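To start, the structure under review is shown below, and the notes come after it.
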Amino acid sequence: MLKRWVNTITRTLPLRSILVVSFVLQTFIAVGLTGWLSLRNGQKAVNQVATQLRDEISDKIKQHLDYYLNFPAFINQINSEAISHHHFDILLQFLYPRVIINLVKSR
């Protein structure tokens, strides 16, 4: 069946047309396959970079949150140590004026 079909095509079409069509078809297949592989690899690279960027941003946010959430506990620790050692003058002299200045600046 296939042999008969090939024979009819070779009899009706010139050899030049058969060769041109076969080379054009091979070229289109090679270019299409190369383009598809490039697109797929490009998408993978973009996804990897996006994942790295997302992880870095998440880590930065976590670091900032840890700092801001631990700072009040640090102030409380300083206050409790000052109170336990009866260093009220240090609190009044250094810490509270800075807190008041920061409160005024933030408004």
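This one's a predicted model, so the numbers in the text were calculated from it and none came from an experiment. No hydrogens, no waters, no symmetry mates; every other heavy atom, side chains included, goes into these values.
Note: the hydrophobic cluster containing Leu2 also contains Ile18 (ILVMFWY, side chain heavy atoms under 4.5 Å, direct or indirect links).
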Which side-chain N or O atoms in residues 23-38 pair as donor and acceptor under 3.5 Å with protein atoms at least two apart or in another chain?
from	atom 1	to	atom 2	distance (Å)
Thr27	OG1	Phe23	O	2.8
Thr34	OG1	Ala30	O	2.8
Ser38	OG	Thr34	O	3.0

Hey, can you pull the donor-acceptor pairs under 3.5 Å for the side chains in residues 53-67, sequence neighbours left out?
from	atom 1	to	atom 2	distance (Å)
Ser58	OG	Arg54	O	2.9
Lys62	NZ	Asp66	OD2	3.2

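Members clustered with Val46: none, using a 4.5 Å side-chain heavy-atom cutoff among hydrophobic residues.
Annotation: the span from Met1 atom CE to Arg4 atom CZ amounts to 6.5 Å, rounded to 0.5 Å. Here Leu13 contributes atom CG and Leu19 contributes atom CG; the two are 11.5 Å apart, rounded to the nearest 0.5 Å.
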